[in-house]
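As structure tokens, the structure follows; a few thoughts come after it.
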Amino acid sequence: MTRFIYDLKRTHRAGSLRDTDIGKEVILMGWVQNRRDHGGAIFIDLRDREGVTQIVFDQSIDAKAHEVASQLRSEWCFAVRGKVRSRGGNVNPKLATGAIEVAANLIEIFTRAKTPPFPLDDHADQTAEETRLQYRYLDLRRTPLQRNLQMRSKFNQIVRRALDEEGFLELETPFLIKSTPEGARDYVVPSRVNPGQFFALPQSPQLFKQLFMVAGYDRYFQIARCFRDEDLRAERQPEFTQVDIEMSFCEPSDVQNVVEKLLARAWKELLGVELKLPFERISYQDAMDRFGVDAPDMRYGLELRDVSDLVRESGFKVFADVTRAGGIVKAINITGLGDLSRSELDALTDVVKIYGAKGLAWAKVKEDGEWQSPIAKFFSDAERKAIAERLALKPGDIAAFVADKKTVVNAALGNLRKHLAKTKNLIDKATHRFCWVTDFPLFEYNEEDKRWYAAHHPFTSPRPEDREKLLTDQGNVKALAYDIVLNGVEIGGGSIRIFDHGLQSDLFRALGIEEEEQRQKFGFLLDAFQYGPPPHGGLALGVDRIMMLICGTDSIRDVIAFPKTQKQTDLMLNAPSELAEAQLKELMIKTVVPAKK
RNA sequence: GGGGCGGUAGUUAAGUUGGUUAUAACGCCGGCCUGUCACGCCGGAGGCCGCGGGUUCAAGUCCCGUCCGCCCCGCCA
């Protein structure tokens, strides 16, 4: 190494220099974003994480520097010393540093670079993600990802400052824990010193944070990595990050207030957006009735309406049969989108079929109020009028109906609603519509196993007023559980926990979990709860999803430095991979991979 | 486990009814150029058409299988 690094320290980051710096001698270090060689003068755009500065190597200023600079190519790493000067009439309005340039008088090339496998300029988002993931370290150099990860860093700092100020302690919990059978599939880690035994990686620090409350830490948080071995989606990775929060002596609104303040602060500092507090609340029941999903996007209309009572006696056999068999019929008024062609309506049918619906019935309302519809003839004038009234149908509107089991109808129309909003551009991207979804059911019935399961987890407290229904009317017990939803994406959820021993016993009884099984799965927690647990509750926020929304991207992978593909592989590491025989032997593990047919 | 979309120079794409030597832009290499900023001009190199099989006189193109990436269903207390 020569004079740079040791003698000549970096004085600025690229991106920070302005016309007020004219005349200063500066030292910058970074990468070649672009070069424009004009013979006697070479322009190099030097990029670092803060931005880009134009460096000019002028033969007449320093012939040696000019000669060295003529070798520079894309993504070479180098340092320059030079004087900041005005660009005069050649200002580049597209650059923050566009008013100035650095006239170089000394350069050192640190490292040369192979030609990158894909362009790293800002116009290069089009490169296949497969290639970008393979060379993730290069993709991460690009401005959009630099920006996303820097935002993520700032978000984490805001979380720490905000929760510290509220008296929360940042405490860590172990990664190597015990596998529990319920919930998501566990990632497991073999224990070498305990042959044949395995640890599990935490799906969340849930039980530990409750133990912190038992131990009197009162207010806890952690920016925690969580692991779930389930199939991936655009907003789901096998390892993800939560802001995990738990507090003692609280009711739901105490938890919600903390979270609202935290998010409001993040939105203000990161986006300059002032959020209106408190966030609106909607019950789970209302969300399902009006939007068909438990994480409603309320930025647009197209709400669902139940018309079961209006079609039960109709001549349309499909609707009449479904309602008589305990199913429901719901409809959306597809209003304001103009006429839809037959092929467009067929495409909408394909959408609802994904969610198990057998079909989509539709009716167009003509100018004279008559229905143009294959099913119009099955309804009486009065029935059509009643439906039109409930859906507020006007001439030009289209009603779309689905009849089936309640879960199918809600999923089909709820997702049809999303589909229409997206494809017909009904969404105002600048809107940040937060809401709390409350009063979730405590139990979910599983048809196959013919038993009730905990909808959230088995330590979630029922609403006090539902206490006596616990063993008799499980379907109508509501939980002190709440999700937080932003623009139709669930970004967090939590609950008030059970701290009363008798209540916990009844809950296990309602779930059909015997005492022995309770002891085996949760013995340590039940033991702990015999030593004076405080009333407590909490919540976890999905950091990756929140960052996805803050950064305005469609994929969680854009806010995770080193994400995995849909098949849970890392294309850069080539992970996972097989272990050497000796390694398996040491762990006393034998693998049995079924032969391919 | 299932449905859908995609895979052609380094990158992004085009490729007709199966028909001669597989196109283009950007990038790359060489040369020229002192005011460019997605610089310009001249010249050049660059292909396992994802992989395997089949049909055919002939396959990037048709058929079957398979791998990889993405979106979705199931799954995700």
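Here is the naming used below: chain letters follow the sequence lines, and residue numbers restart at 1 for every chain.
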**Study point:** Which residue lies more 5' along RNA chain B, comparing A:Asp231 with A:Ser204 via nearest heavy atoms
**Key:** A:Asp231
Study note, to complete from the structure: Note: for A:Ala184 and A:Thr565 on RNA chain B, the residue whose nearest nucleotide lies more 5' is A:Thr565
Check your understanding: Considering only the C1' atoms, how many Å lie between B:rU36 and B:rG46, rounded to the nearest integer?
Key -> 28 Å
Point to revise | B:rA9 versus B:rA14 - spacing of their C1' atoms, nearest Å | key: 13 Å
Base, sugar-phosphate or nothing for [X]? Non-hydrogen atoms, less than 4.0 Å.
X	value
A:Ser60	base
A:Asp37	base
A:Gln134	nothing
A:Tyr453	nothing
A:Glu129	sugar-phosphate
A:Arg497	nothing

Check your understanding: Counting just side-chain N and O atoms, does A:Lys94 come under 4.0 Å of either OP1 or OP2 of B:rA38?
Key -> yes
**Study point:** B:rG69 OP1/OP2 closer than 4.0 Å to side-chain N/O of A:Arg557
**Key:** no
Point to revise | Nearest to side-chain heavy atoms of A:His38, which nucleotide of B:rC71, B:rC68, B:rG35 | key: B:rG35
Revision key, fill the gap. Side-chain contact check for A:Arg236: nearest option of B:rC75, B:rG69, B:rC73 is B:rC75
Close N or O pairs between protein and nucleotides 25-31 of chain B (under 3.5 Å):
unit_1 : atom_1 : unit_2  : atom_2 : d
B:rC29 : OP1    : A:Arg73 : NE     : 3.4

Would you state whether a donor and an acceptor, one from the side chain of [X] and one from the base of [N], lie under 3.5 Å apart?
X	N	answer
A:Arg36	B:rC33	no
A:Asp58	B:rU34	yes
A:Gln54	B:rU36	yes
A:Arg233	B:rG74	yes

Base partner of [N], which must satisfy Watson-Crick or wobble distances under 3.5 Å:
N	answer
B:rU16	none
B:rC70	B:rG4
B:rG44	B:rC28
B:rC62	B:rG54
B:rC37	none

Check your understanding: Does the side chain of A:Thr565 come under 3.5 Å of the side chain of A:Thr569 through a donor N or O and an acceptor N or O?
Key -> yes
Check your understanding: Do we get A:Arg451 above A:Tyr453's six-membered ring, with its NZ or CZ under 6.0 Å from the centre and within 45° of the axis?
Key -> yes
Review point. Taking A:Glu75 as the fixed residue, which of A:Arg141, A:Arg35, A:Arg112, A:Lys114 is the one that meets the salt bridge (Lys or Arg N to Asp or Glu O under 4.0 Å) rule?
Key: A:Arg141
Review point. With under 30° as parallel and over 60° as perpendicular, where do the rings of A:Phe508 and A:Phe522 fit, or are they tilted in between?
Key: parallel
Check your understanding: Which word best sums up how the rings of A:Tyr137 and A:Tyr135 line up, parallel for under 30°, tilted for 30 to 60°, or perpendicular for over 60°?
Key -> perpendicular
Point to revise | Distance in Å, A:Thr173 OG1 paired with A:Arg225 CZ, rounded so as to fall on 0.5 Å steps | key: 12.5 Å
Review point. Short question: side chain of A:Asp21, backbone of A:Arg18 - any donor-acceptor pair under 3.5 Å?
Key: yes
Review point. Passes side chain to side chain contact (heavy atoms under 4.5 Å, CB included), A:Val477 versus A:Phe443? Steps please.
Key: CA-CA 7 Å; A:Val477 178; A:Phe443 299 105; 4.2 Å; yes
Practice item. Compare the ring of A:Phe118 with the six-membered ring in the base of B:rU11 and state whether they stack (centres under 5.5 Å, planes under 30°). Key: no
Review point. Does A:Arg557 come within less than 4.0 Å of A:Glu129, counting only side-chain N to carboxylate O?
Key: yes
